[in-house]
Amino acid sequence: MSSRLLSAPGLWSPWHMAALNLVWPAHCAACDSPLDANLAQSRFCHDCSASLSPITSPFCAICCEPFTGAIADDFTCPNCMGQPQHYAFAVAAFMSRGPIRAAIHHFKYGRRIALRLPLASLLLNALNDPRIAARKDWILVPVPLHPRRLREREFNQSAELANSLSSLSGLPVVNALRRLRYTSTQAALRREDRLLNLKSAFDLRWRAARHTTGRPILLIDDVLTTGSTANACAAILKHKGAAQTVAVLTVARG
Ligand SMILES: [Zn+2]
Ligand SMILES: [Zn+2]
């Protein structure tokens with residue numbers, strides 16, 4: 001197997017956990033205040049923990065967009081009704097605001113790569129979503145960065161999250177996708193422009209199909225905003241990679 005494509009999974013042994021304690025940031029992932037000893041394996045200080053925004057029901061059954069109102073049953077938001085997604089569903093642990101937004105910002109733009117562990121542990125919790133927990137044979141595929149963006153940022157935050165989640169969960173990582181075009185920063189674009197910007201931005205890596213064919217795939221990214229990046233990646237994984245199904249797992253929902 002190509003080592004470039006496939007990262008070996010590894011479960012955390014007691015030895016690994018001891019090593020993790022050494023590298024686990026002893027500071028809050030959001031505000032950088034020191035964590036006291038009994039919070040040493042936590043990610044956020046008391047104040048930041050208290051202001052987290054977990055995504056709770058009701059939310060769109062496909063794109064995870066929360067809905068404020070009294071809806072008891074599953075519902076699909078107008079965006080997903082109007083434009084069917086190539087992924088089956090998306091799971092995001094938290095809304096992208098407050099401490100979560102700050103932690104992702106420090107990780108991604110402040111080059112605090114050690115934050116991959118606390119952020120991946122939030123993804124580990126999100127694996128308990130019943131739709132994900134229903135099966136154990138997922139493979140993790142990170143959203144790729146263009147090589148030029150990778151040189152600028154020095155690491156691909158999605159790949160770091162996928163590799164850390166693999167270490168915590170034992171699920172294998174396949175670097176199945178590559179980014180063909182250096183797209184302008186998505187955050188600055190309107191929804192329609194994002195879709196255009198992403199058209200043909202991704203492709204399947206050479207020989208990746210043998211790892212993705214017939215497999216259920218969890219696409220890993222830091223934030224899901226409009227879902228257009230996830231949708232473009234899922235289209236490639238399903239149509240060129242012959243994946244059985246694609247679901248999306250992110251730390252936050254923008
Ligand atoms: Zn804090
Ligand atoms: Zn939706």
Side-chain angles (χ1 to χ4, degrees), residues 23-110 112 114-122 125-126 129-132 143 186 190-192 194-195 198 218-219 221-235 238 245-254:
V23 297
W24 195 275
H27 293 81
C28 173
C31 73
D32 214 27
S33 64
L35 297 176
D36 56 42
N38 60 358
L39 280 177
Q41 279 197 23
S42 183
R43 311 97 184 174
F44 299 103
C45 67
H46 283 297
D47 287 353
C48 289
S49 294
S51 56
L52 293 175
S53 309
I55 295 180
T56 53
S57 191
F59 50 79
C60 171
I62 297 174
C63 76
C64 194
E65 173 80 6
F67 182 84
T68 45
I71 293 182
D73 299 324
D74 279 356
F75 83 102
T76 304
C77 76
N79 269 341
C80 293
M81 294 264 247
Q83 196 208 357
Q85 307 290 336
H86 293 281
Y87 57 85
F89 60 88
V91 173
F94 292 91
M95 287 306 291
S96 178
R97 60 171 85 117
I100 292 289
R101 189 185 171 94
I104 290 173
H105 193 89
H106 297 325
F107 171 52
K108 201 162 152 179
Y109 303 112
R112 286 177 53 188
L115 291 176
R116 65 191 164 178
L117 278 170
L119 291 173
S121 76
L122 301 178
N125 292 346
D129 181 286
R131 296 167 295 176
I132 298 179
V143 170
Q186 288 290 103
R190 290 179 307 128
R191 182 184 179 85
E192 304 77 50
R194 284 182 185 220
L195 295 174
L198 285 167
L218 271 182
L219 184 70
D221 208 355
D222 52 343
V223 183
L224 183 82
T225 307
T226 61
S228 44
T229 297
N231 204 30
C233 290
K238 285 192 77 175
T245 190
V246 179
V248 182
L249 179 62
T250 66
V251 177
R253 181 73 169 87

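Both ligands and their constituent atoms are indexed starting at 1 by order of listing.
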Enclosure of D32 CG (heavy-atom neighbours >12, cutoff 6.0 Å): yes
Any donor-acceptor N/O pair, H106 side chain to A30 backbone, under 3.5 Å: yes
N/O/S atom of C63 inside 2.8 Å of the Zn ion (ligand 2), strictly under: yes
Heavy-atom check, side chain of C63 versus side chain of Q85, under 4.5 Å: no
Degrees at the Zn ion (ligand 1) between the SG atom of C28 and the SG atom of C48, nearest 10°: 110°
Least distance between heavy atoms, R131 atom then F59 atom: NH2-CE1, 4.0 Å
Opening angle at the Zn ion (ligand 2) [SG, C80; SG, C77; to 10 degrees]: 110°
Angle in degrees, rounded to 10°, that SG of C31 and SG of C45 form at the Zn ion (ligand 1): 110°
Whether H46 has an N, O or S atom under 2.8 Å from the Zn ion (ligand 1): no
Option from L224, L122, D221 for which side chain to side chain contact (heavy atoms under 4.5 Å, CB included) with V251 holds: L122
